[in-house]
Trainee: 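Below: one structure in structure tokens.
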Amino acid sequence: MDNSGNRLAEDAKARVIATPAVWLEGEAIRQLEEVAQDDDCASAVGMPDLHPGPGIPIGAAFGFTQTIRPRLVGSDAGCGALVVGLGKVKLSSSLERRVRAEFARPPFAEENLDALCCSAWKHGPAALDDSGVSEFLGALIGPDGLCESGDLPSSVYGSALGTIGGGNHFAEIGRVTDVVDKGAATELGLGKGSLVALCHSGSRGLGKALADTWGHTALKDDAAADYLADLAGAVRFARANRVLLAGRLLRALGVARPKKIVCAFDCVHNHVTRENNLWVHRKGCAPAHNGQMAAVLGSRGTPSWIVRGLGNPDGLSSVAHGAGRKMMRSEAREKIRARYRRKQLTKSRLGGMVICDDTKLLYEEHPDAYKDIEPVIDSLVQAKLAERIVSIEPLITVKK
DNA sequence: ATGTAC
């Protein structure tokens, strides 16, 4: 028995992780059930941030027995959230100016990008010395480098590295506010009041190219292996992008040394991996294996939560990736425009500020367009998918 | 969510 109440038709394969306090759009549940009806689908789990997407819902994990479905990974393969704990950092009074300046200029020198984007990366991260995050990059990206040799046209996508991207993506400096699991928080260096860099970004044009190439296919054998190799490149690209964004935040904070980093973990939201004899596709959904840390992203008006996964098979070892939208973008543009003056849009209910020149995006991404995160986290905890560690409230959020 | 074209 799941806790979805009576929202789902009799369908043993689809379930929703949501207490009655979580509002869910009917169209999202319809899309979830539609995927679950596929003969090869063993289970489809909607997370409490489930919302309608392009034919398939966002905020769900799908377990397939035999085949890989690139469509269920979507056009932003590798998109995810990076959390970097910085411990106690003294904030400069000119922080806002410094963050603005950092994100107003190109992120890295051309020659460094080239070094990053080609197979030369495999020989070491030394080319990135200018940011002071090279060791950090090397540690997070791993020895395989950014991409398979020759599979990434750096001239096309390289300039996207270290930039935020659009939509719900952001780079943020936040502060730990509520500490629920003090032991875990201390162990991670995420004590109350400590600073965190939080980066939500994806694989940009590379992920789109991948989606266009693989389309709505059902993959097995050699084709599946080819797709997985492409996907691995997109995941490394997206992860590198997040690391570079974190590097820029560190630069603005005046924290240029990797040893100041007390913890770092990266959650991939759009991915497919083989787990327990299933191809587990996560679409807007973070892995939460037993002991694995995940960030469930808030909305500036509501905090983000760091949770520890419990590896619950009923939830396909996953958790929600965020609070989830409450309004469609078009609806948000109209309603928020009527509700607030332009000047009110850059300061959030929690006191944080957003740096964003795009008024339309400020409407679409306003906290009012998102659900409260509290029932979302509560649903994950009640269903025993994860446990709360700490909450993080935004101080400065950069969006493009 | 994206890069490009309109």
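Note on naming: letters A, B, ... go to the chains in the order of the sequence lines (proteins, then strands), and numbering restarts at 1 for each one.
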Trainee: Is there a side-chain contact between A:Arg204 and the phosphate of B:dA1, meaning an N or O under 4.0 Å from OP1 or OP2?
Mentor: no
Trainee: A:Leu297 has an atom CG; how far is it from atom C1' of B:dA1, in whole Å?
Mentor: 16 Å
Trainee: Taking atom P of B:dA1 as reference, at what distance in whole Å does atom CZ of A:Arg71 sit?
Mentor: 17 Å
Trainee: Using distance alone, with no hydrogens and no angle criterion, decide if A:Arg175 and A:Ser194 have a side-chain donor and acceptor under 3.5 Å apart.
Mentor: no
Trainee: Applying salt bridge (charged side-chain N to carboxylate O under 4.0 Å, His left out), name anything that partners A:Asp368, two or more places apart in sequence or on another chain.
Mentor: A:Arg339
Trainee: Rounded off to whole Å, could you give me the CG-to-P distance for the A:Asp76 and B:dA1 pair?
Mentor: 7 Å
Trainee: Nearest-Å distance, CG (A:Leu161) to C1' (B:dT2)?
Mentor: 15 Å
Trainee: Between atom CG in A:Leu206 and atom P in B:dT4, what is the gap in whole Å?
Mentor: 14 Å
Trainee: What does A:Gly166 touch in the nucleic acid at a heavy-atom separation under 4.0 angstrom: a base, only the sugar-phosphate, or nothing?
Mentor: sugar-phosphate
Trainee: Test of understanding: with side chain to side chain contact (heavy atoms under 4.5 Å, CB included), list the residues that count as partners of A:Lys208, not counting sequence neighbours.
Mentor: A:Ser75, A:Asp212
Trainee: Over 60° means perpendicular and under 30° means parallel, so classify the ring planes of A:His321 and A:His51, tilted if in between.
Mentor: parallel
Trainee: May I have the distance from A:Arg242 (atom CZ) to B:dA1 (atom P), rounded to whole angstrom?
Mentor: 14 Å
Trainee: Separation of A:Asn241 atom CG from B:dT2 atom C1', in whole Å?
Mentor: 13 Å
Trainee: Which whole-number value in Å describes the distance from A:Lys399 NZ to B:dT2 C1'?
Mentor: 15 Å
